[in-house]
Amino acid sequence: MSKKVMRVAVTGGAGQIAYSLLFRIASGELFGPEQPVALHILEIPQVEHALAGVAMELFDCAFPTLADVVYGTDAKTIFKDIDLALLVGASPRSKGMQRKDLLAQNAKVFIDQGRALNEVATKDTQVLVVGNPCNTNCWTTMKCAPNLDPRNFHALTRLDQNRGAYQLAHKAGVSVEDVQRMLIWGNHSATQVPDFLNAQINKNPVKEVIKDHHWLENEFFEILQQRGAAIIEARGKSSAASAANAILDAVKALREPTPSGEWYSDCVLSNGNPYGIEEDLIFSFPCESSGDGKWEFVHGLKMDAFLEEKLSITQQELIEEREYVKKLIKE
Ligand code: NAX
């Protein structure tokens with residue numbers, strides 16, 4: 001393997017998503033068997049010892065594609081020379097904590113990591129934020145890393161898209177492969193907007209295949225908006241393997257040309273979007289990629305009163321989150 005090593009930073013390396021994600025990246029699944037990869041793994045000092053154990057396990061897999069593992073607790077050391085940053089680590093929401101408390105706690109994490117990226121990463125480094133609230137954490141990181149290209153900042157709604165595709169397929173009694181153009185708009189939160197107006201099943205509008213429109217407007221929304229909570233209730237822990245899987249899907253979506261007529265959900269900077277969404281938000285849109293990390297908005301999706309109302313609710317939530325963290329960045 002004489003190719004230049006692809007350097008991928010993963011934060012929250014001792015956490016549960018990373019325990020699936022790191023091994024799938026190291027195995028060559030993300031970049032292919034010919035692409036050597038180095039993992040740069042960041043954690044907080046309290047769990048550095050556990051992270052050492054994860055690194056030992058990575059070495060013990062003897063993956064031919066794993067060229068190097070760098071791990072530690074200093075963001076500037078870990079982010080040096082990277083091509084891609086997967087910002088997974090964040091403080092969890094504890095019992096009784098309000099969303100605003102979580103925003104404030106995690107704003108600090110992403111202000112520091114944004115500044116570290118700004119100092120040591122290159123303009124072309126791609127950044128995908130997973131740690132919640134991921135849209136606003138992504139916005140914070142982007143604002144604190146003005147040396148990087150703002151179009152290279154992404155937050156994850158791919159898990160919600162995948163969940164939506166499964167639910168539509170299950171309801172229609174078809175395979176997930178038969179569901180096309182599934183899309184999530186807005187915030188990765190309980191205001192997210194799964195779009196059944198533009199989605200298709202076997203190239204037919206979903207509303208023509210699933211005649212139960214009450215289910216689409218109610219249960220379908222509720223299942224997706226509450227899926228994370230349902231998994232915590234059932235498993236006692238939040239989604240991890242499916243989140244890692246969605247991270248891989250999201251990175252592949254940027255690295256592989258989007259098939260003609262298709263799109264994928266990605267939370268990106270809203271500037272210049274064709275749907276009238278306020279500028280300067282990290283908002284989930286229909287995107288297509290030319291396969292080299294560059295992406296464009298997909299134009300011309302249908303809108304109706306139901307969708308527009310839902311979009312305005314999720315947009316408002318993101319505006320409020322942004323205004324709240326703005327003050328914290330200035331402090
Ligand atoms: P875990 O609590 O298992 O792991 C998080 C890890 O991050 C911990 O090991 C912690 O020490 C580390 N960490 C905390 N602050 C850090 C910092 N400043 N630098 C580096 N590491 C730090 O959580 P896990 O289940 O892995 O989830 C990680 C994040 O993903 C959470 O914020 C979670 O809410 C979010 N999720 C986002 C999803 C999405 O679709 N966007 C879905 C899955 C997941 O819920």
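We count ligands from 1, going down the list as the structure has it; atoms in each ligand are counted the same way.
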K.L.:
Quick one: which ligand 1 atoms are inside 4.0 Å of a heavy atom on V47?
P.N.:
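Counting from 1, the qualifying ligand atoms are 11 (O).
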K.L.:
Contact between Q113 and ligand 1, counting heavy atoms under 4.0 Å?
P.N.:
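Within the 4.0 Å threshold, so yes.
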K.L.:
Would you kindly specify which portion of L159 sits under 4.0 Å from ligand 1, judged on non-hydrogen atoms: side chain, backbone, both or neither?
P.N.:
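Just the side chain.
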K.L.:
Could you tell me whether some N/O pair between E43 and ligand 1 is separated by less than 3.5 angstrom?
P.N.:
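Indeed, backbone or side chain, E43 has an N or O that close.
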K.L.:
Taking 4.0 Å as the limit for heavy-atom contacts, which would you say applies to H188 with ligand 1: side chain only, backbone only, both, or neither?
P.N.:
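Contact part for H188 vs ligand 1: side chain (C-beta onward).
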K.L.:
Can you name the atoms of ligand 1, numbered from 1 with element, that are less than 4.0 Å from a heavy atom of G131?
P.N.:
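Reading through ligand 1 atom by atom, the close ones are 29 (C), 30 (O), 32 (O).
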K.L.:
Just which atoms of ligand 1 are under 4.0 Å from any heavy atom in V88?
P.N.:
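Taking each heavy atom of V88 in turn, ligand 1 has 28 (C), 29 (C), 30 (O) under 4.0 Å.
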K.L.:
Can you list the ligand 1 atoms lying under 4.0 Å from a non-hydrogen atom of S238?
P.N.:
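Under 4.0 Å from S238, ligand 1 has these atoms: 25 (O).
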K.L.:
Does ligand 1 have any atom that is closer than 4.0 Å to a heavy atom of A14?
P.N.:
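Under 4.0 Å: yes for A14.
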K.L.:
What do we get for C134 next to ligand 1 when only non-hydrogen atoms under 4.0 Å count, side chain, backbone, both or neither?
P.N.:
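Just the side chain.
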K.L.:
Distance-only check: which donor-acceptor pairs under 3.5 Å involve side-chain atoms of residues 69-76, not counting sequence neighbours?
P.N.:
residue	atom	partner	partner atom	Å
D74	OD2	T77	N	3.1
D74	OD2	T77	OG1	2.4

K.L.:
Going by the rule side-chain hydrogen bond (donor to acceptor under 3.5 Å, both in side chains), which residues pair with R24 if we only count those two or more places apart in sequence or in a different chain?
P.N.:
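Residues passing side-chain hydrogen bond (donor to acceptor under 3.5 Å, both in side chains) with R24: E29, N245.
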K.L.:
Taking atom 36 (N) of ligand 1 as the reference point, report whether a protein heavy atom occurs under 4.0 Å from it.
P.N.:
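So far as the 4.0 Å threshold goes, atom 36 (N) of ligand 1 is in reach of a protein heavy atom.
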K.L.:
I'd like to know whether F306 forms a ring-ring contact (aromatic ring centres under 6.0 Å, His included) with F196, so could you lay out the CA-CA distance, the side-chain angles of the two residues, the decisive distance to 0.1 Å, and finally the verdict.
P.N.:
CA-CA 11 Å; F306 179 83; F196 55 82; 5.7 Å; yes
K.L.:
Which bit of I17 gets closer than 4.0 Å to ligand 1, counting heavy atoms only: side chain, backbone, both or neither?
P.N.:
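It is both parts that get close, each with some atom under 4.0 Å.
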K.L.:
Hey, does the side chain of Y275 reach the backbone of L301 with a donor-acceptor pair shorter than 3.5 angstrom?
P.N.:
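Such a contact is found between Y275 side chain and L301 backbone.
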K.L.:
Checking N198 against W263: is there a side-chain donor and acceptor pair closer than 3.5 Å?
P.N.:
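No pair is found: no donor N or O on one side chain lies under 3.5 Å from an acceptor on the other.
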K.L.:
Mind checking whether Q16 has an N or O less than 3.5 Å away from an N or O of ligand 1?
P.N.:
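Right, the criterion is met.
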K.L.:
Side chain, backbone, both or neither: which part of V109 comes within less than 4.0 Å of ligand 1 when only heavy atoms are counted?
P.N.:
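For V109, the contact with ligand 1 is made by the side chain alone.
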